[in-house]
*Asks:* 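Supplied in structure tokens, the structure appears directly below.
Indexing begins at 1, ligand by ligand and atom by atom, following the structure's order. A quick note: this is a predicted structure, and the numbers were derived from the prediction, not measured.
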Amino acid sequence: MSVGADRFLKDLHQLRTFGATGTGIVRRAFSDMDIAARLWLAAEMQEAGLTPQFDPVGNLFGLHPAEKSLLIGSHSDTQPEGGWLDGALGVLMGLAIARASVQAGGPPVSVVSFQDEEGRFGGLTGSRVWAGDISLSEVDDLCDFDGISFADARSKMKELAGDFVNPAQFTGYIEPHIEQGPVLDTSGEKVGVVTEIVGTRELLVTLKGQQNHAGTTPMPMRRDAFQALAEFSHELNGRFQNVVASQTVWTIGHVEVHPNAASIVPGQVRFSAQWRDGDAGRLACMEDIVRETLADVCATHGIGARLSESQQILPVKMDTGLREKLEIAAEQSVPGSWRKMPSGALHDASYVARLMPTAMMFVPSIGGISHSFEEDTAEDDLVIGLNVLARAAFG
Ligand code: HGY
Ligand code: MN
Ligand code: MN
Ligand code: MN
């Protein structure tokens, strides 16, 4: 069955226009642009012969009329500074294949765009609720960095919200995605078939020192919250060397210095500490090291520390049966130009795997760049990925 590549590419460029700034895509969960994009997707789903359905947390499904269907999708929200393909690619590949399936009467395919994959409220929120990892009342209490609650944010879509979709109607889930790393771009291979998705742990930390005059406060008398963070980060890099492996990564990505003024000794710093690995035991051991290191640095500098509960996402293996379908389709489409590989990025598949057989496939990212306005993939590679997925979906 042939899938309309031209319409797929046209839809990708259309979706890109929602939240397009001068140099990239900004479509934060529940923002006006995010909602506008979801409404456009819902109309596209309708036109493709699917029944669009929003659930209470903003997940958007395009449901095939058949009793059972394969679910293909990803997310359409972006990071605060995102690219045009992260998430969008998987949703529109699913839509293109579902459209072809309806037109040709092929094997039924439904589509999904999950909400808040990119973590305005912690990450993978829409699929996390759908998988039952967090309840609606618990998720409603989550707040973004500006103190806006999930409940307030999702209230913008209350007229659209229907019931939660029953996962039992799906035979499995495949999430196509850009690799977001350098492996395929470097090797020249066209497809990655994902074997497993790493796990992660993330803490939010507030360090409280003493705000003071930057000119009159002698160095030995300071309780400088930023200096404490700098020493924590340095010390942590050293202590981690005893437990990490080559694929382990850790990031202090969000930092707020208060009052963030050149002539004031920082009295408070709020920051995120996140680490990822394929081994759940190593993630737990790293959390102990994070907490010990923080306690030691704070004791040395007379700094107070407040830590959030750590958000934990377990490492997950992809479904063998679905993965092998992707491997066969890749070998038929691009013989020898594909590989099996782990995912260092998190995906909604991390939670959907708790509900049904789940698999993922990657297309290359130019320069391995993502979560950046420079994120891009050659159109030929996008179409190759679409054809491999269609082969896997239609058997
Ligand atoms: O951070 C992640 O891995 C995901 O892309 N949000
Ligand atoms: Mn993504
Ligand atoms: Mn992302
Ligand atoms: Mn040192």
*Asks:* Between W40 and D11, what is the shortest heavy-atom contact and its length?
*Replies:* CH2-O, 3.5 Å

*Asks:* So, T358 versus D319: side-chain donor-acceptor pair below 3.5 Å or not?
*Replies:*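 Their side chains do not contain a donor-acceptor pair, so the 3.5 Å distance test is not met.
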
*Asks:* Is a donor on one side and an acceptor on the other found under 3.5 Å between the side chain of R222 and the backbone of T217?
*Replies:* yes

*Asks:* Got T125 and V57 here, is their nearest side-chain heavy-atom distance under 4.5 Å?
*Replies:*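 No; the side chains remain at least 4.5 Å from each other.
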
*Asks:* Ring centres of F145 and H254 under 6.0 Å apart?
*Replies:* yes

*Asks:* When the ring centroid of F61 is compared with that of F54, is the distance short of 6.0 Å?
*Replies:*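 No - the distance between ring centres of F61 and F54 does not fall below the 6.0 Å cut-off.
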
*Asks:* Please report whether the ring centroid of W250 lies less than 6.0 Å from that of F240.
*Replies:* yes

*Asks:* Do any protein N, O or S atoms sit under 2.8 Å from the Mn ion (ligand 3), and which ones are they?
*Replies:*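 Sorted hits: D86 OD2, E118 OE1, E118 OE2, H371 NE2.
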
*Asks:* Just checking F114 against Y351, ring centres under 6.0 Å apart?
*Replies:*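 No, the ring of F114 stays outside the 6.0 Å limit from the ring of Y351, centre to centre.
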
*Asks:* Please find out if the Mn ion (ligand 2) and some N, O or S atom of H347 are separated by less than 2.8 Å.
*Replies:*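 Looking at H347, which is the residue asked about, there is no N, O or S atom under 2.8 Å from the Mn ion (ligand 2).
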
*Asks:* Regarding R391 and Q332, is there a side-chain donor-to-acceptor distance under 3.5 Å anywhere?
*Replies:* yes

*Asks:* Indicate whether the side chain of H75 and that of Q115 have a donor and an acceptor atom separated by less than 3.5 Å.
*Replies:* no

*Asks:* Need the list: ligand 1 N/O atoms against protein N/O atoms, distance under 3.5 Å, rounded to one decimal.
*Replies:*
| residue | atom | partner | partner atom | Å |
| --- | --- | --- | --- | --- |
| ligand 1 | 1 (O) | R276 | NH2 | 2.8 |
| ligand 1 | 3 (O) | R276 | NH1 | 2.8 |
| ligand 1 | 3 (O) | R276 | NH2 | 3.4 |
| ligand 1 | 3 (O) | L346 | N | 2.7 |
| ligand 1 | 5 (O) | H371 | NE2 | 3.2 |
| ligand 1 | 6 (N) | E117 | OE1 | 3.3 |
| ligand 1 | 6 (N) | E117 | OE2 | 3.3 |
| ligand 1 | 6 (N) | E118 | OE1 | 2.8 |

